[in-house]
Amino acid sequence: MQSQQWLQRASGLLACRQVAPLINEFLNGLSAELPTDMPFLLLPTVDGRELAVVASEPDYFQSIASGVKWEVDDFEHPFSHALQSQKTMVLDHETLLYWQGHSGFMALTLNMKKDQHLAIYPLNNDKGAVVGILVLDLPVSMAAELVERPDWQNFVAVFTRHWQLLESIRHQDRQQSLLSDSIVSIRKEKFDKEQAEALSLELVGNSELMQTLRKEIVRVGQSDLAVMIQGQTGTGKELVARGVHDYSKRKHAPFIAINCAAIPDNLLESELFGYEKGAFSGADNAKEGLIAAADGGSLFLDEIGDMPLLLQTKLLRVLESRQFRALGAAKETQSDFRLIVASHVDLKQKSRTGEFRQDLFYRLCQFPIAIPTLKDRVTDVPELVEHFIHRFNASQKRQVPGIRFSAIDRLSKHDYPGNVRELRNIVEYACALTLDGQEIDLSALPTLDIEPDTDIESSSNLEKEDTFSNHLLASMTHKFDQIDDLKEAVLQFERAVIEARLTAFAGDRGRAANSLGLPKRTLAHKCIKLEIS
């Protein structure tokens, strides 16, 4: 092959814009211009432990080479030697016998002709590192001469450099793609965080459980999966369902809600599917069902565990086909809605006992959401109370400014079997008994079942502390006429109460703060200000 031919082949390589076509062009050019039967490349794997075989059109030889693990540190085959020494190796028929200890290499060279040599040619990058190995079987008269020819070396150098250039461009593109993905991820994370914070205006509470709940709502809102909400009575299942709808692409479409337990079984089907005029006795006019009304939006079925089994079957078919037929209708109608269901009972257990269709359960449970009880997030009580007072003032045109620490302390110790709904009713009751401009105090609260304090020693210490505070107040009362600095007197009393409360709880600031109706951070700030160790 003449230098002009190598030059033409090199120009063909430079026309390639991707690595795979470049390698194919290189190997096909070798097959076309040289009397070789098995040109292939050995390239290091990602972990650098093995050499992988790359060939344009694998034949017998390449198939054998591809079926062997060519480990880079296995010096039983010559490829490892060429990789480490970075020198060209030309093996004649007799020299090949030296490497017959490696079964894979022996199988590769078993059918080589005696007048052929095996040329192993390392490919070096600009920094001198081996990036691959070219393997050729060539006639004796050509093998040693070819690898020494400048035009051949230039051709291989053009391939290697262009290959490295394309790899560099591909790496840069990959990095750019990763950077773009990272930016998109950061923006999405920021957006989700802002959405979750906005959701806190309705789903109130900064406990970890509530933060997780709001994140789940925002996340599922961006999909179109069916949502199953499980939570005790009064935890706010409809608020969660509304949140899923409001943070979805369907937010501008209707949100249709129905409580399956509040409607008799014989009427529930007509409420969902609707009916035509004359469909049954009393059907004087046609009525659109809730499934049709929810087209494009969301349908919320509360307490779905009370839905009759026969109606569950019909609902499953609607979910699968998105088609339904109103009672008495001649043809089916389509409705594209997002289904959100809720239940205060364990639907999975009901599906096991046959009280709820198992296939419907798994169809509904594409994205389950569990709402925590108020008892599990009692730290949210002060914030919830403030929220309910604000709502009461807005709806009743009242001006209740807040609630006393003693009343908050009492509310924080209640068990709340009715959860957030019970707390809301308690606060509204207390607001109704409180005059405008006055804070809610203990006398305004209804009778609550407070869990007994199991820490007898702490209770005893608190009684001692309260006695101490009362004695201090009494002693100061006799000296009211001697006070000439009101601010200092208040600070002394506050310091004495906090010190006594910390002593009662053996220095536990968290429990002391809770007993005083203060956030722990506020108590810590007062300790610094009042120089309480």
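Numbers here simply count residues along the sequence, with the first being 1.
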Determine which pairs satisfy salt bridge (Lys or Arg N to Asp or Glu O under 4.0 Å) with at least one residue from [range], sequence neighbours left out, and list them in order.
{"range": "residues 361-372", "value": "E320-R363"}
{"range": "residues 246-257", "value": "D224-R250, R250-D336"}
{"range": "residues 12-27", "value": "none"}
{"range": "residues 68-85", "value": "none"}

Tell me every residue that passes salt bridge (charged side-chain N to carboxylate O under 4.0 Å, His left out) with [X], counting only those two or more places apart in sequence or in another chain.
{"X": "R317", "value": "E332"}
{"X": "R49", "value": "none"}
{"X": "D359", "value": "R357"}
{"X": "K314", "value": "E269"}

Open item on the list: Give me each pair satisfying ring pair (Phe, Tyr, Trp, His ring centres under 6.0 Å) with a member in residues 202-234, each pair once, sequence neighbours excluded.
Closed with: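 Ring pair (Phe, Tyr, Trp, His ring centres under 6.0 Å) check on residues 202-234 returns no pairs.
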Open item on the list: Between E50 and V72 (side chain of the first, backbone of the second, donor and acceptor by atom type, cut-off under 3.5 Å), is there such a pair?
Closed with: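 No, the answer is negative, given that no donor and acceptor are paired below the 3.5 Å cut-off.
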TODO: Would you check if the side chain of Q100 reaches a backbone N or O of L96 as a donor-acceptor pair within less than 3.5 Å?
DONE: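 Checking the backbone N and O of L96 against the side chain of Q100, a donor-acceptor pair under 3.5 Å is found.
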TODO: Using the test side chain to side chain contact (heavy atoms under 4.5 Å, CB included), find all partners of N393 that sit at least two apart in sequence or belong to another chain.
DONE: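 For N393, the residues satisfying side chain to side chain contact (heavy atoms under 4.5 Å, CB included) (neighbours in sequence not counted) are I389, R398, V400.
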- [ ] Could you tell me which residues satisfy side chain to side chain donor-acceptor pair (under 3.5 Å) with E197, sequence neighbours excluded, listed by chain and number?
- [x]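 With neighbours one apart ignored, the set is empty.
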Open item on the list: Give me each pair satisfying side-chain hydrogen bond (donor to acceptor under 3.5 Å, both in side chains) with a member in residues 382-391, each pair once, sequence neighbours excluded.
Closed with: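 side-chain hydrogen bond (donor to acceptor under 3.5 Å, both in side chains) check on residues 382-391 returns N206-E383.
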TODO: Scan side-chain atoms only and decide if H344 and E303 contain a donor-acceptor pair under the 3.5 Å cut-off.
DONE: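 Short answer, yes.
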Open item on the list: Would S31 and N28 count as a side chain to side chain donor-acceptor pair (under 3.5 Å) here? Give the steps.
Closed with: CA-CA 5 Å; S31 298; N28 288 335; 5.3 Å; no
